[in-house]
Peer 1: 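Below is the structure I would like to discuss, written out as structure tokens.
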Amino acid sequence: MIAKGDLPSSINEKTAEGIKLDGTPFRIVVVDDSMFISKQLSQIFSSEGFEVVATCADGAQGLEKYKEMHPHVDLVTMDITMPVMDGVTALEKILEFDRGASVIMISALGKEDVVKKCLLMGAKSYIVKPLDRKKVLERVVTVLKR
């Protein structure tokens, strides 16, 4: 009989999606005025080893946090509809500051025209609410591993 300790531990372990090849976590800023969505995204990311370095309630806060933490941010998730500064304006300003920024837009159903505009402006992808854990991780990993 084989005891559990006799097998290499790596057989069933997969590397967490949120860990870079150098062993450090990808760093994410979550921008959404819904505390529920921010928490949901943070839990999804944390469960896969990503590090959520900030959560912001509007585009203005997201822009400031990105500038403050640049270049130590790998990805921003950006809601479209928010008070103070909407996600489209924040995307535009982040890309003015850093043309290579990776921003994924978060949108409610029915905002396809706005999402299309954001992708043309330079957003790397989009996620539709309600959030689906598998789809969120698929989109984020695809953008980060490009």
Side-chain angles (χ1 to χ4, degrees), residues 7-146:
L7 294 172
S9 63
S10 61
I11 285 179
N12 292 322
E13 290 177 20
K14 67 176 186 70
T15 307
E17 299 280 19
I19 305 298
K20 298 178 193 177
L21 293 176
D22 67 4
T24 61
F26 285 105
R27 296 166 53 93
I28 299 178
V29 173
V30 173
V31 185
D32 201 301
D33 61 326
S34 162
M35 194 183 296
F36 174 76
I37 297 288
S38 289
K39 274 199 168 108
Q40 198 179 5
L41 285 168
S42 295
Q43 286 170 340
I44 291 168
F45 296 143
S46 298
S47 74
E48 280 296 327
F50 293 93
E51 182 182 355
V52 177
V53 293
T55 55
C56 305
D58 63 63
Q61 286 178 14
L63 172 64
E64 287 314 306
K65 191 54 76 175
Y66 186 83
K67 286 180 171 181
E68 176 188 312
M69 301 183 97
H70 181 269
H72 305 290
V73 173
D74 298 298
L75 181 86
V76 177
T77 63
M78 180 74 68
D79 187 22
I80 290 177
T81 308
M82 294 179 288
V84 185
M85 181 188 290
D86 65 77
V88 179
T89 306
L91 168 68
E92 188 176 24
K93 294 190 177 298
I94 286 173
L95 291 174
E96 280 171 13
F97 174 76
D98 175 15
R99 197 70 206 133
S102 291
V103 180
I104 294 180
M105 305 308 289
I106 309 271
S107 146
L109 285 170
K111 297 259 187 203
E112 290 84 2
D113 53 332
V114 180
V115 169
K116 200 176 284 182
K117 176 183 177 184
C118 291
L119 292 170
L120 291 170
M121 287 169 58
K124 303 289 189 231
S125 190
Y126 67 94
I127 296 165
V128 177
K129 295 179 198 175
L131 300 176
D132 173 290
R133 181 181 194 282
K134 192 171 173 243
K135 280 198 172 74
V136 168
L137 290 171
E138 256 171 35
R139 298 270 163 98
V140 167
V141 168
T142 300
V143 166
L144 288 171
K145 304 215 169 160
R146 273 186 188 154

Peer 1: For Q40 and V136: C-alpha separation, side-chain torsions, deciding distance, then whether side-chain contact (heavy atoms from CB on, under 4.5 Å) applies.
Peer 2: CA-CA 11 Å; Q40 198 179 5; V136 168; over 6 Å; no

Peer 1: Flag yes if more than 12 heavy atoms outside K145 fall under 6.0 Å of its NZ atom; otherwise flag no.
Peer 2: yes

Peer 1: Please confirm whether the backbone N or O of H72 pairs with a side-chain atom of R27, one donor and one acceptor, at under 3.5 Å?
Peer 2: yes

Peer 1: Taking the side chain as everything from C-beta on, heavy atoms only, tell me whether D74 gets closer than 4.5 Å to K20.
Peer 2: yes

Peer 1: To the closest 0.5 Å, what do you measure between CG (L137) and CD (E17)?
Peer 2: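 If we round to the nearest 0.5 Å, L137:CG and E17:CD are 6.5 Å apart.
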
Peer 1: How many angstroms lie between CG in L131 and CG in L41, if you round to the nearest 0.5 Å?
Peer 2: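 So the gap between those two atoms works out to 5.0 Å.
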
Peer 1: For S102 and K124, work out which heavy atoms get closest and say how close.
Peer 2: CA-CG, 3.8 Å

Peer 1: Under 3.5 Å, is there a donor-acceptor pair between the side chain of S47 and the main chain of I44?
Peer 2: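 Side chain of S47 to backbone of I44, a donor-acceptor pair under 3.5 Å: yes, one is there.
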
Peer 1: Let me confirm one number: the CG-CE distance from L91 to M121, rounded to the nearest 0.5 Å.
Peer 2: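 Nearest 0.5 Å value for the CG-CE distance: 4.5 Å.
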
Peer 1: Are any of the side-chain heavy atoms of E48 and V140 separated by less than 4.5 Å?
Peer 2: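 SC-SC contact between E48 and V140 ruled out.
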
Peer 1: Quick check: closest heavy atoms across V128 and A108, and the distance to 0.1 Å?
Peer 2: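 Shortest heavy-atom contact: CG1-C, 4.4 Å.
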
Peer 1: Report the C-alpha separation of T77 and F45 in whole Å, then their side-chain angles, then the decisive distance to 0.1 Å, and conclude whether the side-chain contact (heavy atoms from CB on, under 4.5 Å) test is met.
Peer 2: CA-CA 11 Å; T77 63; F45 296 143; 3.9 Å; yes

Peer 1: For M85 and A60, work out which heavy atoms get closest and say how close.
Peer 2: CB-N, 3.4 Å

Peer 1: Mind listing the closest non-hydrogen atom pair of A101 and L95 along with its distance?
Peer 2: O-CD2, 3.9 Å

Peer 1: About how many Å separate CD1 of I104 and OG1 of T142, when rounded to the nearest 0.5 Å?
Peer 2: 8.5 Å

Peer 1: Not counting sequence neighbours, list each pair that qualifies as a salt bridge (Lys or Arg N to Asp or Glu O under 4.0 Å) and has a residue in residues 75-98.
Peer 2: D79-K129

Peer 1: With a 4.5 Å heavy-atom cut-off, do C118 and V88 have their side chains touching?
Peer 2: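 Side chain of C118 against side chain of V88, heavy atoms only: contact under 4.5 Å found.
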
Peer 1: Please check if atom NZ in K39 has more than 12 non-hydrogen atoms from other residues, nucleotides or ligands closer than 6.0 Å.
Peer 2: no

Peer 1: Output the distance between atom CG (D33) and atom CD1 (I80), rounded to the nearest 0.5 Å.
Peer 2: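 CD1 of I80 is found 12.0 Å from CG of D33.
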
Peer 1: Working to the nearest 0.5 Å, report the span between CZ of F26 and CG of L144.
Peer 2: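 If we round to the nearest 0.5 Å, F26:CZ and L144:CG are 5.0 Å apart.
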
Peer 1: Give a yes or no on whether L21 atom CG has more than 12 heavy-atom contacts from other residues, nucleotides or ligands under 6.0 Å away.
Peer 2: no

Peer 1: Between A57 and P83, which heavy-atom pair has the shortest distance, and what is it?
Peer 2: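 It is O-CD, 4.3 Å.
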
Peer 1: Do the side chains of M105 and V114 get nearer than 4.5 Å, heavy atoms only?
Peer 2: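 A side-chain contact under 4.5 Å is absent here.
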
Peer 1: Distance-only, no hydrogens or angles: does the Q61 side chain make a donor-acceptor pair with backbone N or O of C56 under 3.5 Å?
Peer 2: no

Peer 1: Thinking salt bridges, do K65 and E68 make one under a 4.0 Å N-O criterion?
Peer 2: yes

Peer 1: For the residue pair G62 and V31, what are the closest heavy atoms and their distance?
Peer 2: CA-CG2, 3.7 Å

